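Reviewing the structure listed below.
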Number of protein chains: 4
Amino acid sequence: MPRTEEQYKDIREQRRAIIKDTAMEMFAEKGFAGTSISSIAKKAGISKGLMYNYFTNKEDLIKTIILDGFNIVVEVFDANKDGKLTREELIFFVKETSNILKANVSFWRLYFIVMMQADVIKLIENEFMDFLMPLLTTLIKYFENQGVENPEAHARLLGATLDGISLNYVVDPEHFPIDEVTDLIIDKFLK
Amino acid sequence: MPRTEEQYKDIREQRRAIIKDTAMEMFAEKGFAGTSISSIAKKAGISKGLMYNYFTNKEDLIKTIILDGFNIVVEVFDANKDGKLTREELIFFVKETSNILKANVSFWRLYFIVMMQADVIKLIENEFMDFLMPLLTTLIKYFENQGVENPEAHARLLGATLDGISLNYVVDPEHFPIDEVTDLIIDKFLK
Amino acid sequence: MPRTEEQYKDIREQRRAIIKDTAMEMFAEKGFAGTSISSIAKKAGISKGLMYNYFTNKEDLIKTIILDGFNIVVEVFDANKDGKLTREELIFFVKETSNILKANVSFWRLYFIVMMQADVIKLIENEFMDFLMPLLTTLIKYFENQGVENPEAHARLLGATLDGISLNYVVDPEHFPIDEVTDLIIDKFLK
Amino acid sequence: MPRTEEQYKDIREQRRAIIKDTAMEMFAEKGFAGTSISSIAKKAGISKGLMYNYFTNKEDLIKTIILDGFNIVVEVFDANKDGKLTREELIFFVKETSNILKANVSFWRLYFIVMMQADVIKLIENEFMDFLMPLLTTLIKYFENQGVENPEAHARLLGATLDGISLNYVVDPEHFPIDEVTDLIIDKFLK
DNA sequence: GATGAATGAGTATTCATTCAT
DNA sequence: AATGAATGAATACTCATTCAT
């Protein structure tokens with residue numbers, strides 16, 4: 001009996017996930033340019049040719065991986081999509097950032113490593129900005145409403161700080177005191 | 001008659017400088033793996049073959065560049081070598097960080113990119129840690145002396161924040177308001 | 001649908017044979033170092049890249065060719081694998097050498113020319129010794145059992161003589177009286 | 001005081017000799033293609049550019065070396081030019097072969113390597129044959145006078161044996177017992 | 001859908017040779 | 001005569017991508 005359309009779709013999606021996971025691991029390990037399509041295929045247990053059935057090319061593969069990560073973040077902050085931010089929402093936002101990191105360190109470790117690569121950044125520059133700017137605008141508005149002197153500097157500093165924390169945690173999750181540091185940010189920025 | 005030894009030395013040093021500057025710019029622009037030796041040669045106005053007269057290979061070139069910059073950093077923070085930090089010294093430290101970044105964006109861009117690449121990290125891992133750990137220790141001591149509740153969290157947060165700022169500035173130097181953000185850090189952490 | 005495993009195997013074996021034959025001819029004509037991979041590819045009617053699908057590198061190619069020849073010889077002398085040699089076996093051995101040469105002069109002509117090249121010898125030194133030493137040891141034992149005064153010199157001389165005959169025959173098969181010379185060796189060494 | 005013309009000529013000739021000796025050693029060690037002009041220059045203690053003042057190019061250098069050696073050989077066997085061979089002369093001939101080999105292994109190593117390369121053979125083929133054929137004829141006559149059944153087979157076998165010995169010795173001069181083997185030939189063929 | 005053979009442009013690197021000084 | 005910087009063509013090898021089956 002042939003598989004149902006549903007089953008085929010499931011197989012495809014599982015396989016896509018395997019390819020993406022494998023690729024992310026290898027991109028993190030050897031760099032984007034240093035990882036060949038055929039080595040990913042081999043490790044993922046499929047043929048080279050079949051890779052192109054799932055992703056149109058190498059660029060598509062890395063973009064998909066990166067955008068998947070964006071989407072997770074975007075989804076989490078869905079609550080703020082109205083463009084307005086209360087103090088409580090922002091505190092949630094900050095805490096949630098650390099929770100997401102802690103919940104899946106290994107994924108985000110790879111994610112950061114992959115994202116930092118110059119050639120990768122170049123590929124997703126536009127999408128990255130499309131994702132980042134609304135968040136930044138919302139933050140700036142928040143600090144404006146708080147009546148601080150330099151709202152953009154505040155917003156940029158908070159963003160940069162969250163980047164720095166993520167990076168430090170992800171590089172050395174065992175030693176970086178993420179909970180204390182998170183509390184400290186809230187204390188410094190949001191009290 | 002051949003040129004004098006002095007003349008040959010001058011030629012070599014000038015050429016080496018041109019190659020390093022050009023390479024750094026391109027590595028920062030396109031990444032290490034994404035920049036070919038021949039494209040550097042072309043941009044530097046010399047032949048591909050001559051590159052190998054000045055650097056034994058691509059790895060030698062990137063290492064030389066990284067270590068050159070590393071020496072600059074070590075020299076700048078030499079003042080803090082006593083291991084004790086006053087508030088004024090720390091403020092100087094923070095400001096100097098942004099000054100160094102601004103003074104040579106393209107180098108620090110490359111520097112960050114390189115530090116993120118797993119296989120390149122291994123090349124200078126040891127030297128990097130030898131440089132970083134004393135700074136962290138000194139920072140922790142500073143916050144201990146300030147009598148804050150969680151000195152390590154403060155030190156880590158400040159370090160992470162400087163990382164995040166550096167990263168954000170380096171990725172988009174035209175838009176990131178580094179001076180305002182720097183003032184804000186001083187205001188938040190060191191007042 | 002992909003080809004069957006059988007089909008792929010057939011394709012690979014045919015291609016490998018074509019590449020090896022072409023390479024041997026060119027190595028004999030222009031020397032190992034003087035023959036480029038891409039020129040072999042062109043003459044074999046395939047792309048440069050495909051060469052590396054069949055042989056991991058140039059060294060692998062020459063080694064495969066040389067070891068193919070060893071294996072033919074080893075197989076023929078399989079009968080002597082017990083390490084003991086009767087006079088009859090040794091006579092068979094000597095006669096078989098000339099028979100093998102006569103049966104495929106053109107192959108062995110190329111083979112000798114390729115084998116004589118210093119850079120080639122260097123690459124297969126170990127394998128060559130692994131192949132040669134057992135034969136030599138067996139020969140020495142034979143002459144020991146015959147009670148001659150200097151068994152190693154006898155064994156070496158017989159080996160060198162067979163080399164010289166092969167070389168002379170292969171260089172000029174039409175004029176070199178291989179049968180008479182073979183009979184003479186048997187007469188001189190094995191009576 | 002400037003050097004005399006004579007002195008300049010002496011210096012040139014000494015330098016040419018040094019270059020040739022150095023080159024021969026390196027060609028024998030690493031093969032012709034595997035030895036770079038600049039490595040010869042470095043080992044000979046002169047600049048790369050000056051090499052071209054002494055030899056018009058790499059081919060000129062190898063040809064000069066080969067023809068030099070060829071002249072040595074012709075000179076040594078001049079004594080046998082009368083076409084008649086006594087047993088004592090033939091024994092001297094055989095012994096002299098091994099003496100010449102032993103006296104300059106690295107040259108003969110190179111010489112054999114070069115003779116094996118098809119395109120180089122064509123350069124000196126004629127001179128080589130002019131030298132070899134009379135020797136063969138003389139040998140055949142010798143065995144005729146000895147009253148052996150098949151004089152040509154004897155002459156060919158002796159020639160081939162000397163070739164084989166030369167080859168084996170030159171390939172592995174440290175282990176090949178050339179003196180014992182030489183004595184054995186004399187014993188087998190010339191007693 | 002699936003395979004892996006096949007392509008060709010691209011990469012780092014080497015080296016004989018030239019040339020300004 | 002002497003130097004070594006400079007060139008550029010050539011080489012081994014890689015890899016994203018295509019395609020016949």
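On a predicted model such as this, the values are computed, not experimentally measured, just so you know. A note on names: the letters A, B, ... follow the listed sequences, proteins ahead of strands, and every chain is numbered from 1.
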Spacing between [X] atom [atom1] and [N] atom [atom2], to the nearest angstrom:
X: D/I19; N: F/dA2; atom1: CD1; atom2: P; value: 10 Å
X: C/E5; N: E/dA2; atom1: CD; atom2: C1'; value: 13 Å
X: B/D10; N: F/dA5; atom1: CG; atom2: P; value: 12 Å
X: B/M26; N: E/dT11; atom1: CE; atom2: P; value: 11 Å
X: B/I37; N: F/dT11; atom1: CD1; atom2: P; value: 21 Å
X: D/E59; N: E/dC15; atom1: CD; atom2: C1'; value: 16 Å
X: B/I62; N: E/dT11; atom1: CD1; atom2: P; value: 17 Å
X: C/K30; N: F/dA10; atom1: NZ; atom2: P; value: 13 Å

Does a side-chain heavy-atom distance below 4.5 Å link [X] with [Y]?
X: C/K58; Y: C/M51; value: no
X: B/L61; Y: B/T56; value: no
X: A/T64; Y: A/F55; value: yes

Under 4.0 Å between a side-chain N or O of [X] and OP1 or OP2 of [N]?
X: C/N57; N: F/dA12; value: no
X: A/R12; N: E/dG1; value: yes
X: A/Y52; N: F/dT17; value: yes
X: B/R15; N: F/dA5; value: no
X: B/N53; N: F/dA6; value: no

Which nucleotide, [options], lies nearest any side-chain atom of [X]?
X: D/K48; options: E/dT11, E/dA6, F/dA6; value: F/dA6
X: A/K58; options: E/dT17, F/dA16, F/dT7; value: F/dA16
X: D/S36; options: F/dA2, F/dA12, E/dC15; value: E/dC15
X: A/I46; options: E/dA5, E/dT3, F/dT17; value: E/dT3

In plain terms, say whether C/E5 and C/K9 are close enough for a salt bridge, that is, a side-chain N and a carboxylate O under 4.0 Å apart.
-> no

Just name whichever nucleotide pairs with F/dT21, Watson-Crick or G-U, keeping both distances under 3.5 Å, else none.
-> E/dA2

Take B/G34 and B/Y8, find for each the nucleotide of DNA chain E with the closest heavy atom, and name the residue whose nucleotide sits nearer the 5' end.
-> B/G34

If each of B/S39 and D/F32 is mapped to the nucleotide of DNA chain E with the nearest heavy atom, which maps nearer the 5' terminus, i.e. the 5' end?
-> B/S39

With no angle test and no hydrogens, is the base of E/dG4 tied to the side chain of A/K42 by a donor-acceptor pair under 3.5 Å?
-> no

Over all strands shown, is [X] touching base, sugar-phosphate only, or nothing at heavy-atom distances under 4.0 angstrom?
X: B/L50; result: base
X: B/Y54; result: sugar-phosphate
X: D/T56; result: nothing
X: A/T35; result: sugar-phosphate

Aromatic ring pairing C/Y111/C/W108, orientation class (parallel under 30°, perpendicular over 60°, tilted between) = perpendicular

Short side-chain donor-acceptor distance under 3.5 Å, B/N53 and B/R15 | no

